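Small disclaimer: the values here were computed from a predicted structure and weren't measured.
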Amino acid sequence: MNEAHVTVIGWTAAEPYYIVTGNGTPFLSLRVGCTPRRYDRETGSWQDLDTMFLTVNCWRGLADNVNASDFRRGTPVLVTGRLRVRQYERDGQWRFSAEVEASTVGHDLSRGTADFRPVQRGGALTDEDRQAARDAADQWALTAPPDTEAEPATQAA
């Protein structure tokens, strides 16, 4: 398949948003911030570059599992999934949204520990489910990015 699969290492930039669609399908959306760091040889210190924010969409069992886990703003995370860049019009302006349809989400264990508890799996998505997900993910486009000064200082070098 010719899809762009990505791995994102970052931190949860906002509290996750969890809903159950009209068809009963669990959906969770979260914002993940990624701040690249570069070593500046002249100053001998690490420099943070511009932060990129992505929307991560989780479905069914993954949505339930992320919702039941301790993912709060500032939590270090690893995300893998399919990259989607969506264009849409709002208030007469064209906007773009970079999203990851997640296949896995986990705590970044290079920055902490976690307890794992296995669970069972679920079923298929409908067009109504996908529209509810797009509507929920658009909430991130309507808000300003969080204050980058509030970013956790525990990023790996």
Side-chain angles (χ1 to χ4, degrees), residues 1-19 26-91 93-117 125 129-157:
M1 300 201 171
N2 294 326
E3 296 179 304
H5 288 267
V6 296
T7 298
V8 178
I9 301 169
W11 43 272
T12 306
E15 295 297 314
Y17 176 75
Y18 179 79
I19 62 169
F27 172 76
L28 182 132
S29 180
L30 60 112
R31 261 326 235 188
V32 174
C34 307
T35 305
R37 301 188 91 202
R38 301 290 182 263
Y39 186 74
D40 184 341
R41 291 182 184 182
E42 291 179 17
T43 64
S45 63
W46 289 93
Q47 303 295 320
D48 288 344
L49 303 181
D50 291 336
T51 301
M52 173 180 60
F53 294 95
L54 298 167
T55 297
V56 175
N57 295 321
C58 306
W59 291 97
R60 296 183 223 72
L62 180 58
D64 285 336
N65 293 346
V66 173
N67 190 50
S69 300
D70 192 24
F71 285 90
R72 302 287 176 245
R73 184 172 185 220
T75 300
V77 295
L78 291 159
V79 176
T80 61
R82 292 179 291 206
L83 178 64
R84 301 277 188 250
V85 177
R86 192 167 53 88
Q87 180 181 4
Y88 60 98
E89 185 178 0
R90 176 152 305 183
D91 300 327
Q93 294 183 349
W94 286 101
R95 300 176 186 233
F96 294 89
S97 175
E99 301 175 358
V100 176
E101 187 173 325
S103 54
T104 62
V105 175
H107 292 98
D108 181 349
L109 297 182
S110 70
R111 298 189 246 173
T113 63
D115 284 327
F116 180 76
R117 295 174 306 277
L125 292 178
D129 292 334
R130 293 184 190 282
Q131 183 60 46
R134 282 191 291 273
D135 294 343
D138 284 348
Q139 73 171 335
W140 303 118
L142 298 175
T143 60
D147 183 9
T148 55
E149 291 180 15
E151 176 182 333
T154 57
Q155 288 195 354

For Asp64, side chain to side chain donor-acceptor pair (under 3.5 Å) partners two or more places apart = Tyr18

OG of Ser29 to CD1 of Ile19, rounded to nearest 0.5 Å, is 9.0 Å

For Arg86, check side chain to side chain donor-acceptor pair (under 3.5 Å) against everything at least two apart and list the hits.
-> Glu99, Asp138

Output all residues satisfying side chain to side chain donor-acceptor pair (under 3.5 Å) with Thr7, sequence neighbours left out; order by chain, then residue number.
-> none

Quick one: CG on Asn57 to CG on Leu28, what's the gap to the nearest 0.5 Å?
-> 8.5 Å

Taking only residues two or more places apart in sequence or in another chain, which ones pass side chain to side chain donor-acceptor pair (under 3.5 Å) with Gln93?
-> none

Do Asp108 and Val77 come within less than 4.5 Å of each other through their side chains, counting heavy atoms only?
-> no

Side-chain contact, heavy-atom cut-off 4.5 Å: Trp46 with Arg38?
-> no

Hey, could you give me each pair passing ring pair (Phe, Tyr, Trp, His ring centres under 6.0 Å) that has a residue in residues 63-82? Not counting sequence neighbours.
-> Phe71-His107

Contacts of type side chain to side chain contact (heavy atoms under 4.5 Å, CB included), residue Phe116, not counting sequence neighbours | Pro118

Shortest non-hydrogen separation from Val8 to Cys34 and the atoms involved | CG1-SG, 3.1 Å

Check whether the side chains of Thr35 and Thr51 place a donor and an acceptor atom closer than 3.5 Å, and report yes or no.
-> yes

Reported CG-to-CG distance for the pair Leu62 and Asn67, which is rounded to 0.5 angstrom | 11.0 Å

Under 4.5 Å between any side-chain heavy atoms of Leu78 and Val105, yes or no?
-> no

Does atom CG of Asp40 have more than 12 heavy-atom neighbours, drawn from other residues, nucleotides or ligands, at distances under 6.0 Å?
-> yes

Determine, step by step, whether Leu30 and Val66 satisfy the side chain to side chain contact (heavy atoms under 4.5 Å, CB included) criterion, reporting the C-alpha distance in whole Å, the side-chain angles of both residues, the deciding distance to 0.1 Å, and the verdict.
-> CA-CA 10 Å; Leu30 60 112; Val66 173; 4.0 Å; yes

Output for pair (Arg41 CZ, Thr43 OG1), nearest 0.5 Å, gives 12.0 Å

Could you tell me the separation between the CH2 atom of Trp11 and the CZ atom of Arg111, rounded to the nearest 0.5 Å?
-> 10.5 Å

To the nearest 0.5 Å, tell me how far Ser97 OG sits from Arg90 CZ.
-> 10.0 Å

Could you pull out the closest heavy-atom pair between Ala102 and Cys58, with the gap in Å?
-> CB-SG, 4.0 Å

Do the charged groups of Arg82 and Glu101 touch, with an N to O distance under 4.0 Å?
-> yes

Should the pair Arg31-Glu15 be classified as a salt bridge under the 4.0 Å nitrogen-to-oxygen rule?
-> no

